[in-house]
Amino acid sequence: MSLAERLQSLFVAVAALAGLGAGLALPIGPAAEHVVLPALLVMLTAVFVQMDAAHVGEVRRARTVVLAGLVLNFVFTPALAWALGAGLLGGEPDLRIGLLLLLVTPCTDWYLVFTAMARGHTGIAAALLPVNLVLQLLLLPVYVLLLGGEAAMVDAGTLAESVLLVLVVPLALALLLRWASARSKGEAWRERYVVVPAGNVVLPLLYAAVFAMFAWQARTVLEHAADLLALLLPLGVFFVVLPLVSVGLSRLLRLPAAQKVTLTMTATARNSPIALAIAVAAFPDRPLIAVALVVGPLLELPVLALLAQLVRVRGSRTGETAQH
């Protein structure tokens with residue numbers, strides 16, 4: 001993991017504070033509004049360009065851990081997200097939806113880094129990436145409409161259009177770019193001149209989107225600063241419960257050490273960029289939902305870094321060597 005990746009939480013916080021200051025001091029809010037969604041769409045396209053669907057074949061070699069991961073991500077976590085929102089944020093509908101969007105979208109990128117840091121099974125982790133992406137694409141509208149209840153206040157058509165714009169379009173563009181570049185120049189050229197540069201622009205685009213969002217909604221953040229602090233408790237509960245449940249389930253299923261790491265990381269890491277893009281597209285008149293989503297990675301990334309040390313596989317150079 002590079003220094004920039006290690007300091008992502010700090011850089012997100014700096015981008016948010018800089019945007020907040022700029023939005024309060026300068027009349028840049030209207031211009032910043034038009035930067036947020038395009039930056040997120042380009043960023044997601046860059047994320048998806050790095051996704052290799054060939055890894056899906058790995059799931060056949062570890063059906064138990066894959067099934068456990070799917071149950072945790074798409075059954076247990078949505079139920080927990082609903083319970084945390086209803087129990088701790090009952091009077092804050094926008095914060096409830098922000099929390100729900102964040103928690104029901106499993107990570108499709110960063111968990112690979114932390115899985116490798118902890119010497120988990122990176123092959124299975126990579127195989128889960130496209131599976132998690134497709135399932136959250138299909139199920140996210142269902143979760144928001146069913147679990148969000150009256151707090152969602154969005155019709156199914158608007159939500160479906162937003163998912164189509166934010167997930168399907170960047171995914172289609174990324175797949176087309178991967179196919180066209182490999183077909184015309186070869187896979188080695190694609191890796192060097194398409195995949196690697198795509199990885200290098202993800203973080204700058206994320207910081208640009210966060211800066212623009214806070215500049216755009218500076219007054220909203222100032223007015224609801226105390227409300228945003230209410231997110232810390234449900235997020236804290238989530239980032240304690242999921243690792244404990246994952247480790248306990250791994251022991252119950254007698255998973256190898258490397259697979260335990262993989263299960264813990266995929267169940268704990270969340271996809272805040274996708275959730276943020278969905279919030280901006282589906283709830284343009286409720287900016288507190290999008291603002292709330294920035295709180296997530298500020299807590300999540302330090303937790304994942306600590307978790308990688310706590311569940312780290314000892315005595316092997318790579319997770320794959322510990323899978324048997």
So which residues get pulled into Val196's cluster when ILVMFWY side chains under 4.5 Å apart are joined, directly or through others?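 Members other than Val196 - counting any ILVMFWY side chain reachable under 4.5 Å - there are none.
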Going by chain and number, the hydrophobic cluster around Val35 (ILVMFWY, side chain to side chain under 4.5 Å) further includes none
Taking all heavy atoms of Pro106 and all of Asn271, pick out the closest pair and write down the distance.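 Looking at all heavy atoms of both residues, the shortest contact is O-CB, 3.3 Å.
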Which distance, rounded to the nearest 0.5 Å, do you find between the [atom1] of [X] and the [atom2] of [Y]?
| X | Y | atom1 | atom2 | answer |
| --- | --- | --- | --- | --- |
| Met213 | Leu37 | CE | CG | 12.0 Å |
| Ser184 | Arg190 | OG | CZ | 10.5 Å |
| Ile289 | Asp94 | CD1 | CG | 4.5 Å |
| Leu100 | Leu293 | CG | CG | 10.0 Å |

Please list, one pair per line, the donor and acceptor atoms closer than 3.5 Å that link side chains of residues 231-254 to other protein atoms, with sequence neighbours excluded.
from	atom 1	to	atom 2	distance (Å)
Ser246	OG	Leu242	O	2.7
Ser250	OG	Ser246	O	2.8

Only pairs at least two apart or in different chains count here, so list each ring-ring contact (aromatic ring centres under 6.0 Å, His included) that has a residue in residues 241-272. none
Tell me the ring-ring contact (aromatic ring centres under 6.0 Å, His included) pairs involving residues 163-206, sequence neighbours left out? Trp189-Tyr193
Taking side chain to side chain contact (heavy atoms under 4.5 Å, CB included) as the definition, give me every residue that meets it alongside [X], ordered by chain and number, with sequence neighbours left out.
| X | answer |
| --- | --- |
| Glu92 | Leu95, Asp227 |
| Val134 | Leu138 |
| Ala18 | Phe211 |
| Ala215 | Ile28, Ala32 |

Test item: [X] and [Y] side chains (from C-beta on) under 4.5 Å apart, heavy atoms:
| X | Y | result |
| --- | --- | --- |
| Leu128 | Val66 | yes |
| Thr64 | Leu255 | yes |
| Ile124 | Gln259 | yes |
| Val36 | Trp216 | yes |

Could you tell me how the ring of Phe74 sits relative to the ring of Tyr143: parallel (under 30°), tilted (30 to 60°) or perpendicular (over 60°)? parallel
Does any N or O in the side chain of [X] come within less than 3.5 Å of the main-chain N or O of [Y], such that one atom is a donor and the other an acceptor?
| X | Y | answer |
| --- | --- | --- |
| Ser181 | Arg178 | yes |
| Thr77 | Leu72 | yes |
| Thr262 | His121 | yes |
| Glu300 | Arg270 | yes |

Take Leu288 and Leu228 through the side-chain contact (heavy atoms from CB on, under 4.5 Å) test and state the conclusion after the steps. CA-CA 9 Å; Leu288 188 59; Leu228 292 174; 3.9 Å; yes
List the steps, then state whether side-chain contact (heavy atoms from CB on, under 4.5 Å) holds for Glu191 with Val195. CA-CA 5 Å; Glu191 183 68 24; Val195 175; 3.8 Å; yes
Here the side-chain hydrogen bond (donor to acceptor under 3.5 Å, both in side chains) pairs for residues 131-142, sequence neighbours left out, are Asn132-Thr266
